[in-house]
**Student:** 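Below you'll find the structure I mean.
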Amino acid sequence: MPTLAQTMDPNHNGLWVFNTPAQKLGVLLDMADSVVAVPAIGEVCAFVGMLKTYWTPSAREQRALDSVIGTPLSLLGVYHGGFLQAQAPLPWRHFSRELIALQLIVRIVRYKYIDQKNHPLCGPVTFMHGVARHDIEEYVLYVTGLAENRRGDLGAHTVKVKSGSNLLGKHPGAGANEIREADYIALASLREASNIFAYRSASTNRTLEGMSSPASMMKWMRDAGYSNVEDHVHDGWRLHGLRMKADRTSLGNNLMRPHLLKMHQRLTNGYTVMLVAADSLANMARGRNHSQSALMRVFGGHFMLALSVDVRQNGAAFGLVTWGEEIAPTVEIPWSKIASWYRGFVCGQP
């Protein structure tokens, strides 16, 4: 795992191999997101300066950055305010400000890095993708509020982590598939806020988590201030995955095509759309192995942020964000597969 110093070292990061600023920026973000050694405050601030060689933040992104690292007082790298500069201990006893700040910086540049990793939190991560895509400043203030005070605001709604929760004793993970501190704070807190009692199980990393229902997704959206929240999920479609291929092709074309056209309309009208389907749909969309058992075709469900849907004669192509990736709509998924995997979507206007 690289350190932040190695990430910024031209002898280590290999930026010279790449030709475009976008490629170099992607390498820096990938390396920074895998940093697990706690960096120095000065290194984090210097990393922001390095990113700006290849990336120009919008006004909203700059405000989000300022809330993380503070505002510069001079050209000498002295900053005032911001989450990173504070000294108070965090209630997340084993997490560090410096790593959380670094991870937030990466996510300000590309919100796709918000990732559940090895935790079954696809509902919260998809919801958080929607928040960060629409308002990166709100996302950052939500995470830093939870990190410092166990309270984070999403619109007029406040997500709270109870003082007795075992979430606060989570140890950071060092492996590539371990969830990052900033994401654990954002996602696990959202899930726990739905519970009546403080979470105290010794199995903190797993027992709290599980499948998110459309009702939960809709509640989070309404609480965060989304309007016209709609549920277009059809659990009865799950059994279509067990039909013969010819039947699935017919069902996909005749039943699900109009549904996907409705999704396209909602996206065109500026809705945030959270699609739910079997994992295989996302894996096929990104060119990965998409084989799946009949059991998972019936019972499997994975939420992901939909960016686009291109409905064609023989199937559809989806633009998605999931598992830390932005998937371009380049792979056409045939109607027989869509009938096996697709469940529907939840949407609302931010």
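Count residues from 1 along the sequence.
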**Student:** Using side-chain contact (heavy atoms from CB on, under 4.5 Å), reason through V68 and V48 one step at a time and then give a plain yes or no.
**Tutor:** CA-CA 11 Å; V68 173; V48 172; over 6 Å; no
**Student:** Could you measure the distance from the CG atom of N118 to the CD atom of E178? Nearest 0.5 Å is fine.
**Tutor:** 5.0 Å
**Student:** Please report the closest heavy-atom contact between P172 and E181, naming both atoms and the distance.
**Tutor:** CB-OE2, 3.1 Å
**Student:** Does the side chain of C122 come within less than 4.5 Å of M304's, by heavy atoms?
**Tutor:** no
**Student:** Any chance NE2 of H234 has more than 12 other-residue heavy atoms, nucleotides or ligands included, within less than 6.0 Å?
**Tutor:** yes
**Student:** Identify the heavy atoms of H232 and C347 that sit nearest to each other, and give their distance.
**Tutor:** CD2-SG, 4.2 Å
**Student:** Verify the neighbour count for atom CZ of R312: are there more than 12 heavy atoms of other residues, nucleotides or ligands below 6.0 Å?
**Tutor:** yes
**Student:** Against I114, only a single residue in R180, Q103, H129, R133 fulfils side-chain contact (heavy atoms from CB on, under 4.5 Å); can you say which?
**Tutor:** H129
**Student:** For the atom pair CG (L104) and CD1 (I69), what is the distance rounded to the nearest 0.5 Å?
**Tutor:** 11.5 Å
**Student:** Using a 4.5 Å cut-off on heavy atoms from C-beta on, say whether the side chain of D33 contacts that of D115.
**Tutor:** no
**Student:** Please name the pair of heavy atoms, one in L251 and one in A339, separated by the smallest distance, quoted to 0.1 Å.
**Tutor:** CB-CB, 4.5 Å
**Student:** Run the salt bridge (charged side-chain N to carboxylate O under 4.0 Å, His left out) test on R110 and E326 for me, step by step, so that the C-alpha distance in whole Å, both residues' side-chain angles and the decisive distance to 0.1 Å come before the verdict.
**Tutor:** CA-CA 10 Å; R110 295 285 185 273; E326 184 170 328; over 6 Å; no
**Student:** Looking at H94, I'd like to know if its NE2 atom is crowded, meaning that more than 12 non-hydrogen atoms belonging to other residues, nucleotides or ligands lie closer than 6.0 Å.
**Tutor:** yes
**Student:** Taking M50 as the starting point, is it possible to reach W16 by hopping between hydrophobic residues whose side chains are less than 4.5 Å apart?
**Tutor:** yes
**Student:** Ignoring hydrogens, what is the shortest heavy-atom contact between V106 and A32? Give both atom names and the distance.
**Tutor:** CG2-CB, 3.8 Å
**Student:** Relative to the ring of Y226, is the ring of F127 parallel (under 30°), tilted (30 to 60°) or perpendicular (over 60°)?
**Tutor:** tilted
**Student:** I'd like to know if the side chain of H12 reaches the main chain of A5, judged simply by a donor and an acceptor atom lying under 3.5 Å from each other, with no hydrogens or angles considered.
**Tutor:** no
**Student:** I105 and side-chain contact (heavy atoms from CB on, under 4.5 Å): which single residue from I100, L65, L29 fits?
**Tutor:** L65
**Student:** Is the backbone of F303 close enough, under 3.5 Å, to the side chain of T126 for a donor and an acceptor to pair up by distance?
**Tutor:** yes
**Student:** Kindly indicate whether the side chain of Y142, heavy atoms from C-beta on, has any atom under 4.5 Å from the side chain of V131.
**Tutor:** no
**Student:** State plainly whether one hydrophobic cluster holds both I136 and M128, where clusters connect Ile, Leu, Val, Met, Phe, Trp and Tyr through side-chain heavy atoms under 4.5 angstrom apart.
**Tutor:** yes
**Student:** Side-chain contact test, heavy atoms from C-beta onward, threshold under 4.5 Å: evaluate it for K170 versus Y184 and give yes or no.
**Tutor:** yes
**Student:** Find the distance between CG (N13) and CE (M8) and round it off to the nearest 0.5 Å.
**Tutor:** 10.0 Å
**Student:** Give the intermediate values and the outcome of side-chain contact (heavy atoms from CB on, under 4.5 Å) for residues L15 and V27.
**Tutor:** CA-CA 7 Å; L15 294 187; V27 170; 3.8 Å; yes
**Student:** Going hydrophobic residue to hydrophobic residue with side-chain gaps under 4.5 angstrom, can you get from L90 over to L102?
**Tutor:** yes
**Student:** Search all heavy atoms of E138 against all heavy atoms of G155 and return the closest pair with its distance.
**Tutor:** OE2-N, 2.6 Å
**Student:** Same cluster or not: M284 versus F318, using hydrophobic residues (I, L, V, M, F, W, Y) connected whenever any side-chain heavy atoms lie under 4.5 Å apart?
**Tutor:** yes
**Student:** Taking L99's backbone N and O only, do any of them form a donor-acceptor pair with S96's side chain (distance below 3.5 Å, no angle check)?
**Tutor:** yes
**Student:** Decide if atom NZ of K160 counts as having more than 12 heavy atoms of other residues, nucleotides or ligands within a radius under 6.0 Å.
**Tutor:** no
**Student:** What distance separates R191 CZ from L121 CG, expressed to the nearest 0.5 Å?
**Tutor:** 5.5 Å
**Student:** Does the plane of the ring in Y342 sit parallel, tilted or perpendicular to the ring in W237? Use 30° and 60° as the thresholds.
**Tutor:** tilted
**Student:** Tell me, do R150 and L168 make a side-chain contact under 4.5 Å, heavy atoms counted?
**Tutor:** yes
**Student:** Nearest 0.5 angstrom please: L84 CG to T144 OG1, how far?
**Tutor:** 11.5 Å
**Student:** Please step through side-chain contact (heavy atoms from CB on, under 4.5 Å) for the pair V143 and F83, ending with a clear verdict.
**Tutor:** CA-CA 10 Å; V143 179; F83 172 78; over 6 Å; no
**Student:** Restricting to non-hydrogen atoms, name the atom on S189 and the atom on L146 that form the minimum distance, rounded to 0.1 Å.
**Tutor:** CB-CD1, 3.7 Å
**Student:** Report the C-alpha distance between Y113 and D30 in whole Å, list the side-chain angles of each, state the deciding distance to 0.1 Å, and finish with yes or no for side-chain contact (heavy atoms from CB on, under 4.5 Å).
**Tutor:** CA-CA 9 Å; Y113 284 94; D30 285 345; 2.6 Å; yes
**Student:** Please tell me whether H134 and Y139 form a close aromatic pair, meaning their ring centres lie under 6.0 Å apart.
**Tutor:** no
**Student:** Judged by atom type as modelled, is there a donor-acceptor pair below 3.5 Å linking the side chain of N149 to the main-chain atoms of R151?
**Tutor:** no
**Student:** Answer yes or no: is there an ion pair linking R288 with E325, defined by an N-O contact shorter than 4.0 Å?
**Tutor:** yes
**Student:** Are side-chain heavy atoms of L187 and I179 found at a separation under 4.5 Å?
**Tutor:** yes
**Student:** Are the side chains of W220 and P124 in touch, meaning some heavy atoms are under 4.5 Å apart?
**Tutor:** yes
**Student:** If you measure from NZ on K112 to CH2 on W323, what distance do you get to the nearest 0.5 Å?
**Tutor:** 15.0 Å
**Student:** Among E148, Q85, Q87, find the one that has a side-chain hydrogen bond (donor to acceptor under 3.5 Å, both in side chains) with R97.
**Tutor:** E148
**Student:** So, do R107 and D183 sit near enough that their side-chain heavy atoms are less than 4.5 Å apart?
**Tutor:** yes
**Student:** Would you say S340 and R248 are linked by a side-chain donor-acceptor pair, where the criterion is simply a distance under 3.5 Å?
**Tutor:** yes
